Colleague: 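Here it is, the structure, as structure tokens.
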Amino acid sequence: MEPLAYRLRPKKIEDIVGQNHLIGPNGAITKMMKNGYIPSLILYGNPGIGKTTIAFVICNTLDVKYFTFNASTDNKATLKSMIDDAMLVTNKQTIMIVDEIHRMKKDIQDFLLPYVENGTVTIIGLTTVNPYHSVSPAIRSRCLVFKLNEFEFKDLEKIFYRACAYYNDSTSFSEEAKNYVINMANGEIRTLINMIEGIYLSKGDIDKIDLDFAKSIILKPNISIDKNEDSYYDTLSGLHKSIRGSDVDASLHYLAKLLSSEDFLPLIRRLYCICYEDISLANPSMGPKVKAACEAALELGMPEAKLPLASIVIDMALSPKSNSSYLAIEAAIKDIEEGHSGNLPLHLKNTYSFDKRQTPYKYPHDYPGAWVNQQYLPDVIKDRTYYTPKTTGKYEEALKQRYEAIKKAKEKK
């Protein structure tokens, strides 16, 4: 028996919920279809958001021959067979729906491209990954790229009522149960329908679905955190920006979401990066603390790993912040990349010169305060400055005072 999500898949444009910017009355795709033709497209967005449904509805609305090709599992022979069939179609558009187009191998792309170019087939590529990062430029340049928006609660509510109506019985949901089911779907229509199907198959003679019964069937929310998709890296970015912004609650939220993947290494790498990019000299003790917490998490594993990671994320979010070292090294690297450098002063080179005219290297420890005025930068940039201290933490405030004292001493000399 077909799953409920398959049975409820819309057949007409007007049955699709959401995505009005594409398939609404004034949507981009709707306007194209009024001419009886569409160019090659790439549709991208989160799982369960309607990409495949829109592709099939386009084909049905235009009443054209179409093929489906999965870039992950189908091979070149399958594609060749589809192309051969497409070449038999005359005076009408033929569409190839390419699922997971970001996984298309180069030899398959090379075979397909001429037939897209000459109009033998029009492709509708589907992907959960941003095509500007993941799809070959050769394919992407031949397509219009459209992003599907996340659903609003009201969109999911329409799907909820549509799925419940399919069963055509007297069962009703309490408001709390309805909201719980919709929220647990995490914005995915397919997941929402699957949850409703599970509830109806489990309810027996119950006529009223309350919150307790809904919770007994739906035990865990659907969390879109596949490491191979954009949502994972978006969540890492959300964690990074929340810690940088000192929002401890948002930081803990994104940490909790990332922990559900149970893959610590990308998370740990990002925490190290945050520590030295955004906290750095404002709180230099944070580096060893982050390392200790991350090592403890790796040794503990889940579920206990959440304890040291939560502790360090709270500490990082509430710590003083400084990006002065990040800005300094970026400025120095920019100089190198743009060719703004030069030869080291002779007295800094790791060689001994018998030329008495050469300025000798002065050993700073032989001077008061372990400092002596001498040139260290190449001549062409001898006055360049990269580091601008910040005063968000006591440690960097002390560095600033020494930095300014050294600058004043140089000016006096």
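This one's a predicted model, so the numbers in the text were calculated from it and none came from an experiment.
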Colleague: Would the number of heavy atoms belonging to other residues, nucleotides or ligands and lying under 6.0 Å from CD of Gln375 be above 12?
Modeller: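 Correct, the count exceeds 12.
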
Colleague: Which atom pair, heavy atoms only, marks the closest approach of Asn373 to Lys410?
Modeller: OD1-CG, 3.5 Å

Colleague: Mind checking what makes salt bridge (Lys or Arg N to Asp or Glu O under 4.0 Å) contact with Lys321, not counting sequence neighbours?
Modeller: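 Scan of Lys321 (salt bridge (Lys or Arg N to Asp or Glu O under 4.0 Å), adjacent residues dropped) gives none.
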
Colleague: For residues 25-43, which side-chain N or O atoms pair as donor and acceptor with protein atoms under 3.5 Å away, sequence neighbours left out?
Modeller:
unit_1 : atom_1 : unit_2 : atom_2 : d
Thr30  : OG1    : Ile23  : O      : 3.2
Thr30  : OG1    : Gly24  : O      : 2.8
Ser40  : OG     : Ile123 : N      : 3.1

Colleague: Shortest non-hydrogen contact from Tyr376 to Pro364?
Modeller: OH-CG, 4.0 Å

Colleague: Do you know the tightest heavy-atom contact between Thr127 and Ile101?
Modeller: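 Heavy-atom minimum between the residues: CB-CG2, 4.0 Å.
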
Colleague: Evaluate the salt bridge (Lys or Arg N to Asp or Glu O under 4.0 Å) criterion for residues Lys11 and Asp15: first the C-alpha distance (whole Å), next the side-chain angles of each, then the deciding distance (0.1 Å), finally the verdict.
Modeller: CA-CA 7 Å; Lys11 304 294 190 297; Asp15 293 335; over 6 Å; no

Colleague: If you take all heavy atoms of Arg270 and Leu236, which pair is closest and at what distance?
Modeller: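 Minimum heavy-atom separation between Arg270 and Leu236: NH1-O, 3.5 Å.
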
Colleague: Using modelled atom types only, decide if a donor and an acceptor are shared between the side chain of Gln93 and the backbone of Thr122 within a distance under 3.5 Å.
Modeller: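 Here the side-chain-to-backbone pair does not exist.
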
Colleague: If you take all heavy atoms of Asn75 and Ile108, which pair is closest and at what distance?
Modeller: C-CD1, 4.2 Å

Colleague: Return yes if some donor-acceptor pair links the side-chain N/O of Arg142 with the main-chain N/O of Val116 below 3.5 Å, else return no.
Modeller: no

Colleague: According to salt bridge (charged side-chain N to carboxylate O under 4.0 Å, His left out), does anything in residues 162-187 pair up with another residue at least two apart or in another chain? List the pairs.
Modeller: Glu157-Lys178, Asp169-Lys203, Glu175-Lys178

Colleague: Does the side chain of Val98 reach to within under 4.5 Å of the side chain of Leu126, using non-hydrogen atoms?
Modeller: no

Colleague: Tell me every residue that passes side chain to side chain contact (heavy atoms under 4.5 Å, CB included) with Lys80, counting only those two or more places apart in sequence or in another chain.
Modeller: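 Checked Lys80 against side chain to side chain contact (heavy atoms under 4.5 Å, CB included); matches are Asp84, Phe111.
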
Colleague: Of all residues at least two apart in sequence or in a different chain, which pass the ring-ring contact (aromatic ring centres under 6.0 Å, His included) check with Phe160?
Modeller: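 Phe160 satisfies ring-ring contact (aromatic ring centres under 6.0 Å, His included) with Phe173 once adjacent residues are dropped.
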
Colleague: Do side-chain atoms of Tyr200 reach the backbone of Ala163 as a donor and acceptor pair under 3.5 angstrom?
Modeller: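 Side chain of Tyr200 to backbone of Ala163: no pair is present.
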
Colleague: If we count only N and O atoms by modelled type, under 3.5 Å, do the side chains of Asn70 and Thr68 hold a donor and an acceptor together?
Modeller: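 No donor-acceptor contact under 3.5 Å links the two side chains.
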
Colleague: Taking the side chain from His340 and the backbone from Lys334, do they hold a donor-acceptor pair closer than 3.5 Å?
Modeller: no

Colleague: Just to verify, what does Arg244 make a side chain to side chain contact (heavy atoms under 4.5 Å, CB included) with, not counting sequence neighbours?
Modeller: His240, Lys241, Glu277, Asp278

Colleague: Does atom NZ (Lys147) have a neighbourhood of more than 12 heavy atoms from anything else shown, all under 6.0 Å?
Modeller: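 Atom NZ in Lys147 is packed in, count exceeds 12.
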
Colleague: Considering only residues two or more places apart or on different chains, which pairs with a residue in residues 47-61 satisfy side chain to side chain donor-acceptor pair (under 3.5 Å)?
Modeller: Arg9-Thr53

Colleague: May I ask you to check whether over 12 heavy atoms, not counting those of Tyr132, lie within 6.0 Å of atom OH?
Modeller: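 No, because the 6.0 Å sphere around OH of Tyr132 holds 12 heavy atoms or fewer from other groups.
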
Colleague: May I ask you to check whether over 12 heavy atoms, not counting those of Arg7, lie within 6.0 Å of atom CZ?
Modeller: yes

Colleague: Nearest 0.5 angstrom please: Glu188 CD to Glu150 CD, how far?
Modeller: 10.0 Å

Colleague: Assess the residue pair Met184 and Met195 against the criterion (side chain to side chain contact (heavy atoms under 4.5 Å, CB included)); give the C-alpha distance rounded to whole Å, side-chain angles, the decisive distance to 0.1 Å, and a yes or no.
Modeller: CA-CA 9 Å; Met184 292 289 273; Met195 288 177 172; 3.9 Å; yes

Colleague: Donor-acceptor pair, distance only, cut-off 3.5 Å: does the side chain of Ser322 make one with the backbone of Ile279?
Modeller: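 Judged by distance alone, no pair lies under 3.5 Å.
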
Colleague: Quick check: does any side chain N or O of Arg140 sit under 3.5 Å from a backbone N or O of Val135, one acting as donor and the other as acceptor?
Modeller: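 The answer is yes, because a donor-acceptor pair under 3.5 Å joins these two groups.
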
Colleague: Short question: side chain of Ser202, backbone of Gly198 - any donor-acceptor pair under 3.5 Å?
Modeller: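 Here the side-chain-to-backbone pair exists.
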
Colleague: What residues, two or more places apart in sequence or in another chain, satisfy salt bridge (Lys or Arg N to Asp or Glu O under 4.0 Å) together with Glu337?
Modeller: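 For Glu337 there are no salt bridge (Lys or Arg N to Asp or Glu O under 4.0 Å) partners, ignoring immediate neighbours.
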
Colleague: Side chain to side chain contact (heavy atoms under 4.5 Å, CB included) with Leu327: which residues, sequence neighbours excluded?
Modeller: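 With sequence neighbours excluded, Leu327 shows a side chain to side chain contact (heavy atoms under 4.5 Å, CB included) to Asn323, given in chain and number order.
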
Colleague: Can you pull the ring-ring contact (aromatic ring centres under 6.0 Å, His included) pairs that have at least one residue in residues 59-97, sequence neighbours excluded?
Modeller: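 Only Phe56-Tyr66 qualify under ring-ring contact (aromatic ring centres under 6.0 Å, His included).
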
Colleague: Return yes if some donor-acceptor pair links the side-chain N/O of Asn183 with the main-chain N/O of Asn179 below 3.5 Å, else return no.
Modeller: yes

Colleague: Kindly say whether Tyr361 contributes a backbone atom to a donor-acceptor pair with the side chain of Gln374 at under 3.5 angstrom?
Modeller: no

Colleague: Keeping Thr78 on the side-chain end and Asp74 on the backbone end, is there a donor-acceptor pair under 3.5 Å?
Modeller: no

Colleague: Side chain to side chain contact (heavy atoms under 4.5 Å, CB included) with Tyr276: which residues, sequence neighbours excluded?
Modeller: none

Colleague: Regarding Asn283 and Ser319, do their side chains bring together a donor and an acceptor under 3.5 Å, going by distance alone?
Modeller: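 Side chains of Asn283 and Ser319: pair found under 3.5 Å.
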
Colleague: Closest approach of Pro378 and Asn343, non-hydrogen atoms and distance?
Modeller: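 Closest approach of Pro378 to Asn343, heavy atoms only: CB-O, 3.3 Å.
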
Colleague: Roughly how far, to the nearest 0.5 Å, is the CG atom of Leu309 from the CG atom of Leu300?
Modeller: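 Going from CG on Leu300 over to CG on Leu309, the span is 9.0 Å.
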
Colleague: Check the side chains of Thr391 and Glu396 for a donor-acceptor pair under 3.5 angstrom, ignoring hydrogens and angles.
Modeller: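 No, Thr391 and Glu396 have no side-chain donor paired with an acceptor closer than 3.5 Å.
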
Colleague: Measuring from atom CG of Leu4 to atom CG of Leu201, what distance do you get when rounded to the nearest 0.5 angstrom?
Modeller: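 It comes to 8.5 Å.
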
Colleague: Going by the salt bridge (charged side-chain N to carboxylate O under 4.0 Å, His left out) test, which pairs reach into residues 383-394, not counting sequence neighbours?
Modeller: Asp335-Arg384

Colleague: Are the side chains of Asp210 and Tyr180 in touch, meaning some heavy atoms are under 4.5 Å apart?
Modeller: no

Colleague: So does Tyr6 have more than 12 non-hydrogen atoms from other groups sitting under 6.0 Å from OH?
Modeller: no

